[in-house]
Undergrad: 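To start, I am sharing the structure in question, which I have written as structure tokens.
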Amino acid sequence: MKFFVDTADVKEIRELNDIGLLDGVTTNPSLIMKAGRDITEVTKEICGIVDGPVSAEVTALDFDGMMKEAEVLAKIADNICIKVPLTFDGLKACKALTTEGRKVNVTLCFSANQALLAAKAGATFISPFIGRIDDIGINGMELIGEIRTIYDNYGFQTEILAASIRTVNHVKEAALIGADVATVPPATLKALVKHPLTDKGLEGFLADWAKTGQKIV
Ligand code: E4P
């Protein structure tokens, strides 16, 4: 499974990318707001750090507006992936942009039928929002499973990008169920390394090491 990081925080992106953990980045208007930076400037910097696709989201709601914004965003760097919302106009923009050879991430997906439409419109990525579905008392992970089955039934090449990931279990379950990519907030990505038995084991080794009175350097 590929890992994207879901942030516009350049420091976090650089740190995770340096360890080789990142296959791409996703941003959205809320994450740009959180970063407190100009969208063009911060997106250009991110594109220079990570080799893989960097999703930058349009904010227009109509097809013409989306296409105009996509043109501006696409000029930022070669690895820009245009993010469009899962609306009728978003699907139109998806089809037009992918026909031009652009990568497109269709975002705000909350149903298998929406995902089916996005694949038909040629989406490079479909982003089902697991956490936000869980928030309303429905199991978000089931949606990932449904989309996996539908895409496999018909051979759609659209990659399933598990989004709105909130927990380390979301990452594991998304991997087990067959998501192609998970976009994960930096803190959750870092939390994947944690295990109490690793900490306990380390503690024991260090206690015994201290008793030897030795030093390696
Ligand atoms: C995906 O591309 C979105 O940016 C993101 O995963 C949304 O997550 P949230 O529900 O935590 O805002």
Side-chain angles (χ1 to χ4, degrees), residues 2-10 13 22-35 37-111 114-115 117-133 143-144 147 156-165 174 179-186:
K2 287 183 259 187
F3 277 159
F4 290 178
V5 67
D6 199 26
T7 187
D9 183 327
V10 170
I13 293 170
L22 295 190
D23 301 293
V25 176
T26 51
T27 66
N28 64 38
S30 303
L31 293 171
I32 297 291
M33 185 268 294
K34 205 169 153 194
R37 294 187 53 189
D38 172 76
I39 183 171
T40 307
E41 184 197 284
V42 74
T43 308
K44 196 178 174 71
E45 194 173 342
I46 295 168
C47 288
I49 300 170
V50 179
D51 289 335
V54 174
S55 289
E57 189 162 342
V58 298
T59 56
L61 296 178
D62 63 300
F63 171 75
D64 289 336
M66 285 184 200
M67 293 302 287
K68 277 185 202 141
E69 290 184 356
E71 202 184 321
V72 173
L73 294 172
K75 281 192 186 130
I76 294 176
D78 288 344
N79 53 336
I80 282 287
C81 173
I82 305 294
K83 213 176 188 191
V84 299
L86 217 161
T87 60
F88 208 73
D89 281 42
L91 292 177
K92 272 196 215 170
C94 174
K95 183 66 186 166
L97 290 164
T98 50
T99 302
E100 283 173 10
R102 306 248 176 248
K103 280 189 163 49
V104 176
N105 175 358
V106 180
T107 191
L108 289 166
C109 171
F110 295 94
S111 80
Q114 286 182 320
L117 293 181
K120 300 277 292 178
T124 317
F125 300 103
I126 182 68
S127 288
F129 275 39
I130 300 169
R132 294 194 195 189
I133 298 176
L143 175 59
I144 304 285
I147 300 172
F156 287 118
Q157 296 304 303
T158 300
E159 292 189 48
I160 303 174
L161 200 177
S164 189
I165 284 196
D180 300 289
V181 193
T183 188
V184 189

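Remember, it's a predicted structure, so these values are computed and weren't measured experimentally.
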Undergrad: So among Val106, Leu161, Asp180, which one has a side-chain contact (heavy atoms from CB on, under 4.5 Å) with Phe125?
TA: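 It is Leu161; the other options fail the test.
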
Undergrad: To check you understand the geometry: which heavy-atom pair defines the closest contact between Ala123 and Thr158, and what is its length?
TA: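 Shortest heavy-atom contact: O-OG1, 2.7 Å.
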
Undergrad: When you measure from the side chain of Glu159 to the backbone of Val181, do you find a donor-acceptor pair of N or O atoms at a distance under 3.5 Å?
TA: no

Undergrad: Roughly how far, to the nearest 0.5 Å, is CD1 of Ile133 from OG of Ser111?
TA: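 Here the interatomic distance stands at 8.5 Å.
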
Undergrad: For Thr98 and Lys95, indicate whether the former's side chain and the latter's backbone hold a donor-acceptor pair under 3.5 Å.
TA: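 Yes, the answer is positive, given that a donor and an acceptor are paired below the 3.5 Å cut-off.
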
Undergrad: Please step through side-chain contact (heavy atoms from CB on, under 4.5 Å) for the pair Leu73 and Thr43, ending with a clear verdict.
TA: CA-CA 9 Å; Leu73 294 172; Thr43 308; 5.7 Å; no

Undergrad: Once you round to the nearest 0.5 Å, how far does OG1 of Thr26 lie from NZ of Lys83?
TA: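 Result: 5.0 Å between the selected atoms.
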
Undergrad: Do Leu108 and Arg132 come close enough that some side-chain heavy atom pair is under 4.5 Å?
TA: yes

Undergrad: Which heavy atom of Cys109 sits nearest to which heavy atom of Ile147, and what is that distance?
TA: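 Closest pair (atom of Cys109, atom of Ile147, distance): SG-CD1, 4.3 Å.
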
Undergrad: Keeping to residues at least two apart or across chains, list the ring pair (Phe, Tyr, Trp, His ring centres under 6.0 Å) pairs with something in residues 75-110.
TA: Phe110-Phe129

Undergrad: Nearest heavy-atom pair of Ala118 and Leu91: which atoms, and what distance?
TA: CA-CD2, 3.7 Å

Undergrad: Around atom CD of Glu100, are there more than 12 heavy atoms from other residues, nucleotides or ligands closer than 6.0 Å?
TA: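 Counting neighbours around CD of Glu100, more than 12 heavy atoms of other residues, nucleotides or ligands fall under 6.0 Å, so yes.
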
Undergrad: Taking only residues two or more places apart in sequence, or in another chain, which ones meet Asp78 in a side chain to side chain contact (heavy atoms under 4.5 Å, CB included)?
TA: none

Undergrad: For the residue pair Glu69 and Val72, establish whether any side-chain heavy-atom pair is separated by less than 4.5 Å.
TA: no

Undergrad: Measure from the side-chain N and O atoms of Asp89 to the backbone N and O of Phe63, and report whether any donor-acceptor pair falls under 3.5 Å.
TA: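 Flag set: sc Asp89 to bb Phe63 pair under 3.5 Å.
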
Undergrad: How far does CD of Glu57 sit from CG of Asn105, to the nearest 0.5 angstrom?
TA: 8.0 Å

Undergrad: Are there more than 12 heavy atoms of other residues, nucleotides or ligands under 6.0 Å from atom CD of Glu41?
TA: yes

Undergrad: Take atom CG in Asp62; do more than 12 heavy atoms of anything else shown fall under 6.0 Å from it?
TA: yes

Undergrad: Go through Val84 and Val104 one step at a time and tell me if the side-chain contact (heavy atoms from CB on, under 4.5 Å) criterion holds.
TA: CA-CA 7 Å; Val84 299; Val104 176; 3.9 Å; yes

Undergrad: Minimum heavy-atom separation for Pro128 and Leu143, please, with both atom names.
TA: CB-CD2, 3.8 Å

Undergrad: Quick check: does any side chain N or O of Glu45 sit under 3.5 Å from a backbone N or O of Val10, one acting as donor and the other as acceptor?
TA: no

Undergrad: Using only atom types and a distance under 3.5 Å, with no angle test, would you say the side chain of Thr107 pairs donor to acceptor with the backbone of Pro85?
TA: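 It does not hold such a pair.
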
Undergrad: Using atom types as modelled and distance alone, determine if a side-chain donor or acceptor of Asn79 lies under 3.5 Å from a backbone N or O of Val54.
TA: no

Undergrad: To the nearest 0.5 Å, tell me how far Ile165 CD1 sits from Phe3 CZ.
TA: 8.5 Å

Undergrad: Got a second to check how far Met66's CE is from Cys94's SG, nearest 0.5 Å?
TA: 10.5 Å

Undergrad: Side chains of Phe4 and Ser55: closer than 4.5 Å at any heavy-atom pair?
TA: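 Side-chain contact under 4.5 Å: no.
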
Undergrad: Considering all heavy atoms of both residues, which atom of Val42 and which atom of Ala8 are nearest to each other, and what is their separation?
TA: CG2-O, 3.6 Å

Undergrad: Nearest 0.5 Å please: distance from the CD1 atom of Ile130 over to the CD1 atom of Ile144.
TA: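 Answer for the CD1-CD1 pair, Ile130 versus Ile144, is 4.0 Å.
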
Undergrad: Where is the tightest heavy-atom contact between Ala96 and Met67, given as atom of each residue plus distance?
TA: CB-CE, 3.7 Å

Undergrad: Identify, with sequence neighbours excluded, every residue that meets side chain to side chain contact (heavy atoms under 4.5 Å, CB included) alongside Ile13.
TA: Val5, Thr7, Leu22, Val25, Ile46, Ile49, Val50

